[in-house]
Amino acid sequence: MTANEIRDSFKKFFESKQHAIVPSAPMVIKDDPTLMFTNAGMNQWKDIILGTRDPEPRRRADTQKCLRVSGKHNDLEEVGHDTYHHTMFEMLGNWSFGDYFKEGAIDMAWEYLVDVIGLDPKDLYVTVFEGDPSEGLERDDEAEQYWLKHVPADHIINGNKHDNFWEMGDTGPCGPCSEIHVDSRTPEEKAKKPGRELVNMDDPQVIEIWNLVFMQFNRKADGSLEKLAMNVIDTGMGFERLVRMLQGKHSNYDTDIFQPIIKAEEQISGMKYGEKEDTDVAMRVCADHLRAVSFSIADGQLPSNAKAGYVIRRILRRAVRYAYTFLGQKDGFLYKLVPTLVHEMGDAFPELKAQQQLITKVIKEEEDSFLRTLDKGISMLDKAMEELKAQGKNQLDGVQAFRLFDTYGFPLDLTELICRENNFTVDEEQFNVEMQKQKERARNAAAVENSDWTELQPGEQQFVGYDYTEYNCHILRYRKVTQKKNEFYELVLDTTPFYGEMGGQVGDCGVLVNEDETIEIIDTKRENNQSVHIVKQLPKNPAAEFMACVDTDKRNASAANHTATHLLDYALKQILGDHVEQKGSFVSPGQRRAVARGRAHGQRHDSSGYPYRRASRRTL
């Protein structure tokens, strides 16, 4: 089976089990401040799990684009150096919201793996949560009983909290899980040592392939656990690992997911995959990172110097550095691989085809820019080494190494490599001290502390802002937020006319008013598909009824500027062509700002239609 056939077989199987097959959510998350990227299949269902959105249909399945490069789930440093870690990957998953639970999930997973795609039961091992007395969590004996219908007892292994209690992050939905591991070693290796002794021991041939998460709890900000309103099944199977097993390969990169890209790398670079470790690592890094960057751009996230954009830029520059150092690519390289990626994955993910021109041009611009930076950094480093040699020293100062990184984006490992080739070392300890200082500055500037939500009444929010600017309402829940020593509160109303910040337009301002008091709403944000209202103080009686009143002057001014932005975008397309893409709009009552990228020629245009060279945004 090809990779595309395997993906289709998963969808068809769960469709036969009455699951609605849904499209992948974008890999870039715009309305959840706790996440920059989709890092698990359940992210798009977070509001359903927390009870703020209707769970129908209760059975769903899909393949979800995911990205893991920072935070709790960070695989970046492993990518390219082993056979199975990736930044961007597909997560095949099925969900049940208050429908079937542990037994149904286990039975269906077994049926698909063994009866449908034909994995050997003798090669499958499963784990169950061993419990954690410190949190009052018992061993998951229930899951074990259901597994005993399918596997012998010696194929069931206890797993600790780290491996078998799944949590999305520091707060949010969580619960025990059962992992399914596959032993793909040779018969001779299996005879020497049973697979159960290698589960979760970082053996590259005995790996987890599917995780069945039994969501039962919500982790609160104080670390405590509370029961979810309904039990939820959330499963995630690594598509790349599944394809590897079914195609009989010992590396994900040897499957037809990655091999076409690697063959294109060979053709462009003139180097051969499989002959030299450094070259192999570089080709794997480039193949993986190409996918991550391309899908991010297709989903609307361009490389930049802040937040999600910086993550994408960091991934892209990591690939450029590997291509520069180990594949001899002194000019743009990754952008030449985009047509191969689109050919292989464009049918399953049509957004790649739709945005191919944009993806190619953005990657080329980024590559060209960083390659100029690399040249500058190398010149600066050569000068520093000449000075050290004249002084009779053999170690580069860590502050200088950090300046190369901070000013020019020069990776430490490249600095160390060049120094080593010239018989110098780098004061890595001092570099890390400087890096930590920078992280502390950034952390202190951006630190946000959220208290737990205080629920006044259950229910879902109804948005009426398209028809009304004033409406009677009650507060469903509220929480306190502290940022940069400033305190404010977030309110969720049962019915609201307030537009939450979205699509570049700022959120509404206004008031909550009744006979006793008036509370100013200073901003409205979007979080988990609902409007969250920002106030500096809580009402004296949060349970009282209020009239929610939008500041219509500000709303109308923002709406006019939003409309003007769309008209400008339309005009630029008429004058310059459909290749122009609007990116990075900001619409407020007092101004509108937009960047239009003229992608056919790699240029950007201001409102006059004339190209300009600077990458800065223009306030129009």
Side-chain angles (χ1 to χ4, degrees), residues 6-32 35 38-66 90-113 115-117 143 146 166 168 172-178 180 210-218 227-239 242 299 347-351 458-463 476 492 494 526-531:
I6 293 168
R7 186 190 293 111
D8 288 342
S9 77
F10 180 87
K11 294 179 181 179
K12 289 176 181 177
F13 172 77
F14 279 99
E15 188 173 32
S16 74
K17 300 294 183 181
Q18 293 76 54
H19 288 65
I21 307 303
V22 296
S24 171
M27 198 163 67
V28 181
I29 295 178
K30 296 298 185 183
D31 62 352
D32 186 344
L35 291 169
T38 298
N39 66 0
M42 60 76 61
N43 291 159
Q44 66 171 309
W45 316 123
K46 183 178 172 183
D47 49 354
I48 296 178
I49 298 167
L50 292 175
T52 61
R53 182 155 62 104
D54 181 23
E56 297 295 339
R58 291 181 178 267
R59 296 187 179 197
R60 310 183 193 198
D62 76 350
T63 177
Q64 174 63 53
K65 301 172 292 186
C66 298
E90 288 185 62
M91 186 73 80
L92 302 174
N94 58 288
W95 290 270
S96 166
F97 305 111
D99 190 347
Y100 62 85
F101 199 44
K102 295 181 182 179
E103 184 174 19
I106 289 170
D107 288 348
M108 279 186 263
W110 187 262
E111 182 181 351
Y112 178 71
L113 291 177
D115 298 338
V116 175
I117 60 175
Y146 297 138
W166 196 92
M168 185 185 70
C174 55
C177 61
S178 273
I180 304 174
W210 205 345
N211 193 8
L212 314 182
V213 180
F214 313 128
M215 282 195 194
Q216 301 169 249
F217 306 103
N218 180 41
K227 282 277 190 179
L228 289 173
M230 62 180 173
N231 288 332
V232 174
I233 285 297
D234 163 24
T235 86
M237 175 157 55
F239 175 66
L242 177 64
D299 282 345
D347 290 338
F349 298 98
E351 61 270 27
E460 298 181 26
Q461 183 182 84
Q462 180 184 6
F463 176 70
L476 292 176
V492 177
D494 60 351
R526 289 285 294 176
E527 182 175 339
N528 294 326
N529 292 316
Q530 60 187 354
S531 293

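Values reported hereafter were calculated over all heavy atoms of this structure, with side chains retained and with hydrogens, waters and symmetry mates removed.
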Distance (rounded to the nearest 0.5 Å) between M91 CE and N211 CG: 8.0 Å

When rounded to the nearest 0.5 angstrom, what distance separates OG1 in T235 from CD1 in I106? 11.5 Å

For the residue pair Y112 and F14, does the interplanar ring angle fall in the parallel (under 30°), tilted (30 to 60°) or perpendicular (over 60°) class? tilted

Among residues at least two apart in sequence or on other chains, which ones pass side chain to side chain contact (heavy atoms under 4.5 Å, CB included) with S24? Q64, K65, F349

Qualifying salt bridge (Lys or Arg N to Asp or Glu O under 4.0 Å) pairs, either residue in residues 12-21, two or more places apart: K17-E111

Examine H19 together with F10 and report whether their ring centres are nearer than 6.0 Å. no

Are any non-hydrogen side-chain atoms of P57 and W95 less than 4.5 angstrom apart? no

According to salt bridge (Lys or Arg N to Asp or Glu O under 4.0 Å), does anything in residues 91-110 pair up with another residue at least two apart or in another chain? List the pairs. R59-D99, K102-D140, K102-E142, E103-K149, D107-K149

Can you tell me how far the CG atom of D494 sits from the CD atom of Q461, to the nearest 0.5 Å? 8.5 Å

In this structure, SG of C174 is separated from CG of D234 (nearest 0.5 Å) by 11.5 Å

Quick one: pull up CZ in F13 and CG in N94 and give me the separation to the nearest 0.5 Å. 8.5 Å

So does P26 get a backbone contact from the side chain of D299, meaning a donor-acceptor N/O pair under 3.5 Å? no

Does a side-chain heavy-atom distance below 4.5 Å link V232 with P173? no

Quick one: pull up CZ in F217 and CE in M215 and give me the separation to the nearest 0.5 Å. 12.5 Å

Here the pair of heavy atoms bringing S531 nearest to R526 is N-NH1, 3.9 Å

